[in-house]
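To find a chain, count down the sequence lines: A is the first, B the second, and so on, and within it residues start at 1.
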Amino acid sequence: MNIPAKYNAITVEEKWYSYWMENNYFHSEPDEREAYTIVIPPPNVTGVLHMGHMLNNTIQDVLIRRKRMQGYNACWVPGTDHASIATEAKVVAKLKEQGIKKSDLTREQFIEHAWEWTHKHGGLILEQLKKLGASCDWDRTKFTMDEDLNRSVVKIFKDLHAKGLIYKGYRMVNWDPEAKTTLSDEEVIYMEKPGKLYYLNYAIEGSDDFVQIATTRPETILGDTAICVHPEDKRFTHLKGKKAIVPIVGRAIPIIEDPYVDMEFGTGSLKITPAHDPNDKLIGEKHQLEVIDIFNDDATLNAYGLHYEGKDRFVVRKEIVAELKDKGILVKSEDYTHKVGTSERTKAVIEPKISEQWFLKMEDLVKPAIDAVLNTGEVQLVPHKFVNTYRHWMENIRDWNISRQLYWGHRIPAYYYGQGTNDYVVAETKEEALVLARQKTGQDDLNEKDIRQDEDSLDTWFSSWLWPISVFDGINDPENKDFKYYYPTNDLVTGPDILFFWVARMIIAGYEFTGDKPFHHVYLTGLVRDKQRRKMSKSLGNSPDPIELMNTYGADGVRAGILMSSAAGNDLLFDENLMLQGRNFANKIWNGFRLVKGWEVSEDSEQPKSAKVAIAWYRAQFEKTLAFTEEQFEQYRLSDALTAIYKLVWEDFSSWFLEMVKPEFGQPIDKNTYEATVGFFENNIKILHPFMPFITEEIWQYFNERSPEEALIISAYPKTKGFDELILEEFEMIKEVISAVRNLRKEKNISFKESLELYFVKKEEINPDFFDLIGKMCNVSKVEEVKQKLENALTFRVGSNEFFIPFSQKIDVEAETVKLQEELAYHKGFLASVQKKLSNERFVNNAPEQVILNERKKEADALAKIAMVEKSLASF
RNA sequence: GGGUCAUUAACUCAGUUGGUUCAGAGUGUUACCUUGACAGGGUAGAAGUCACUGGUUCGAAUCCAGUAUGACCCACCA
């Protein structure tokens, strides 16, 4: 036979993925079976696979494959997200390389470039998922900018607008000067950054007096429109009603009072710049202050910046500090660490900016979504600990800024017919808009030229929050058969980092637009970190290339490795050793297969007793493990399920069972044992298939010719049957006997080839059915009970039974004595602790009866063992 | 500032309603083994005051309170 000793993953994996694709096993159509559905968290269309994807898609594939084998109609819908800001930023960068500025292009031209980019780089990540073995229904692949998804988004916008939930507001928003767009609050990451707190003196109008303020942003003094102090702050009562002069600008601004000011902080007086700070804006509104915006869209200063006009805000900060210092206005500066908002995508420092944007009212929308997670349990978060985070966010939710000043994305379906900011209608098409506009204005002579669509596009998440609905076209056509069959979906697998961005909003959308949950369970994976516990990120360069990993360790190896140590919700410290472990496991299975496949089967040789009992034992062991993994799956503890199977296959099956039934070298194996072994092997690879699909399919098909209908991927997953607990217990004792004999051989340097005899004095039951097996495993020619201990023999004790191996050489009495004394000391110590417990009246009175009985049994056992050891000692 | 979670062997982690000698696994490490499936393997061993301090209990790694350290999430303090 020429099966290679080393399992070659690469060729095998390609072969079976193609086979699965050719036979259409991944595709799902509604039928009479129960559906099991997962929608993929759509990765960025132009993204590449990283370790986070590996983890989370492996989990999805495990769930899907298992359910498919269990007879569900499993459907895993793949797709990608247009990722407006990220993709637009990439396109802008690429155009810049070619010397083209975004502002040189029309919207249409830019979008053309973006599509070109998308087609060129898009979808690569889905190809990479295939290498991982992802059994997605590729016929259902969706993109968040697909035409039908666009129609869904527009419809939803229109619907929410009609309900009065979408409105335009002139508000302070998060401005990303790099991408020149607003961001939602969730897209702003606050980072600790070292800065300085500058103390400045503002002169008081018409006097020599001054008021001192502290600021971290001296460049914004150009937009100051007030100084604010606490009304009860006695230090400033003399300034009441006076005006201060803004340095450099020379503008006189009022000194106002507001309890917002913290008297303890800084100098106790605060400069107010309503255009550039959310709090200042609130105070400004309250006191009806002038709003002076000093920035352009790219965060350079505008005309209000005077001689700083056209310079960047950070350049200006430096220069203005120098100028203030020269003029004696800067009193001092202190080092000060504070949190600075940055853009999640571009990393640019966010500029709070007042502008007119579209908002979605969240207050009422969140109610059913809160209820579903907190009260009814219709949607369950796994692990449960995320419920609190979810609740907190939901209960403190603010209106969602859904407009973005980007070209790439779903354009806001609002059409203006006049110059006023509210002279618009919301419509699905321009034609419809015209009709609506005519109705609204009563001007029948309006035509298409008079109508222009809003320039903004929608936040990416405004399309992805519909994902579980829109991939089945449930918005446009709620009665369609796919939607009715697959929705609501079952499980969602994603990272906790997008719990708010995506998961929460999908739950909101589900209830609002379908009246039902979008999914039942949300499995939140941990983050993949490097060995120094840092998040894996491109900028740190600490993320290994998943493709390289799969080439080195095989997709199965990587899948197993990454799952082996990743409990739900716990971060995973990436270590290549895990992948190595996964690969070695694949090799172990492979070699077990080689062994079994190499056996010659004899029709007429009889089944040895040892094999018979081995089969009975392994059957029970398998069933026990299967039952355990079922429990683990119930709780989404995939890692524990896999570890259990790993041990079953490596230890129980390979190290024990195969050794137990292995025929003598050169001898054939009897048919019954062979068939049982192959049956066990096949069951092993069935329950392993969801985790390691490729090698299992390879072995499955190698064992026997299989038609496409008999492929492992669609074979029936074993069902739990219950098992014989007793045989498992009995075998534990046998195991101990076997390893004790092996140890003695080693200690005394007795070759395995030298046959031994084993005798024992029985104090507790030992099942004689196993004796042949002991014989085979230890090369012992007979196992026999005797009434009393043997002289001149090696001894050991298992349970309360004492074993003897007659030994021709001289027994080292001293060494034996030492060994026995150690055992004695151990048992005595144990006895003491048990007796201490039992002599404690309160224990005896309070503990449950079963516990006390256990203790009594322990006491009796210990006493028996002590007696036995003492007797042995006495005989020396 | 508020919240959540963690702290168990050198490392990464289990320990599922408090009760068997319950202190575990994998990796690493040590010693031995070219045994006919597998050195990507086998056998055996060493290794921990379960972060700390109290409390509850007959009994605590497990429950409670506090402390320390770390991680993450949320929040408009110049």
*Distance, C1' atom - from B/G48 to B/U12, rounded to whole angstrom*: 15 Å
### Query
How far, in whole Å, is B/G26 from B/U34 if one measures between their C1' atoms?
27 Å
**Prompt:** Heavy atoms under 4.0 Å, any strand shown: does A/Arg856 hit a base, just sugar-phosphate, or nothing?
**Reply:** nothing
For A/Lys776, the side chain to side chain donor-acceptor pair (under 3.5 Å) test, sequence neighbours excluded, returns none
The side-chain hydrogen bond (donor to acceptor under 3.5 Å, both in side chains) partner of A/Tyr553 among A/Glu576, A/Gln581, A/Arg583, A/Arg559 is A/Glu576
Sequence neighbours excluded, the answer for side chain to side chain donor-acceptor pair (under 3.5 Å) partners of A/Lys196 is A/Asp335
- request: Determine: side-chain N/O of A/Lys588 to OP1/OP2 of B/G42, distance under 4.0 Å, yes or no.
  value: yes
Paired runs of 3 or more consecutive Watson-Crick or G-U pairs involving RNA chain B, with both pairing distances under 3.5 Å, are B:1-7 with B:68-74, B:10-13 with B:24-27, B:29-33 with B:41-45, B:51-55 with B:63-67
### Message
Atom CD of residue position A/Glu192 - does it have more than 12 heavy atoms of other residues, nucleotides or ligands inside 6.0 Å?
### Response
yes
Report all interatomic pairs (protein N or O, nucleotide N or O of nucleotides 75-78 of chain B) with separations under 3.5 Å.
from  : atom 1 : to       : atom 2 : distance (Å)
B/A75 : N6     : A/Lys339 : NZ     : 3.0
B/C76 : O2'    : A/Asn279 : ND2    : 2.6
B/C76 : N1     : A/Asn279 : OD1    : 3.4
B/C76 : O2     : A/Asn279 : OD1    : 2.4
B/C76 : O2     : A/Asn279 : ND2    : 3.3
B/C77 : N3     : A/Asp262 : OD2    : 3.1
B/A78 : OP2    : A/Tyr336 : OH     : 2.9
B/A78 : O2'    : A/Ala214 : O      : 2.6
B/A78 : N6     : A/Asp262 : O      : 2.4
B/A78 : N6     : A/Phe265 : O      : 2.9
B/A78 : N1     : A/Asp262 : N      : 3.3

Taken in chain and number order and not counting sequence neighbours, the residues that satisfy side chain to side chain donor-acceptor pair (under 3.5 Å) with A/Lys624 are none
Taken in chain and number order and not counting sequence neighbours, the residues that satisfy side-chain contact (heavy atoms from CB on, under 4.5 Å) with A/Val387 are A/Val373, A/Leu374, A/Leu381, A/His384
Review point. With a non-hydrogen cut-off below 4.0 angstrom, is A/Lys753 in contact with a base, only sugar-phosphate, or nothing?
Key: nothing
With sugar-phosphate taken as primed atoms, P, OP1 and OP2 and all else as base, the protein-contact string of nucleotides 24-35 of chain B at under 4.0 Å (heavy atoms; B, S, -) is -SSS--------
Point to revise | Whole-Å C1' distance, B/G15 and B/U62 | key: 9 Å
Could you give the side-chain donor-acceptor pairs of residues 841-855 of chain A under 3.5 Å, partners two or more places apart or in another chain?
from     : atom 1 : to       : atom 2 : distance (Å)
A/Asn845 : ND2    : A/Glu841 : O      : 3.2
A/Asn846 : ND2    : A/Arg842 : O      : 2.8
A/Glu855 : OE1    : A/Lys858 : NZ     : 3.4
A/Glu855 : OE2    : A/Lys858 : NZ     : 2.8

Residue set satisfying side-chain contact (heavy atoms from CB on, under 4.5 Å) with A/Ala644, at least two apart, ordered chain then number -> A/Thr625, A/Phe628, A/Thr629
Residues 255-266 of chain A side chain polar contacts: donor-acceptor under 3.5 Å, at least two apart:
from     : atom 1 : to       : atom 2 : distance (Å)
A/Asp258 : OD1    : A/Tyr260 : N      : 2.8
A/Asp258 : OD2    : A/Lys286 : NZ     : 2.9
A/Asp258 : OD2    : A/His287 : NE2    : 2.9
A/Tyr260 : OH     : A/Asn279 : ND2    : 3.1
A/Asp262 : OD1    : A/Glu264 : N      : 2.9

Under-3.5 Å N/O pairs linking protein and nucleotides 45-50 of chain B:
none

Original post:
When all nucleic acid strands are considered with a 4.0 Å heavy-atom cut-off, which category describes A/Phe665: base, sugar-phosphate, or nothing?
Top reply: base
Whole-angstrom distance between B/A61 and B/U8, as gauged at atom C1' | 7 Å
Open item on the list: Base, sugar-phosphate or nothing for A/Pro848? Non-hydrogen atoms, less than 4.0 Å.
Closed with: base
Output one line per pair: protein atom, nucleotide atom from nucleotides 61-63 of chain B, and distance, for all N/O pairs under 3.5 Å.
none

What distance, rounded to whole Å, do you find between the two C1' atoms, one in B/G24 and one in B/A9?
10 Å
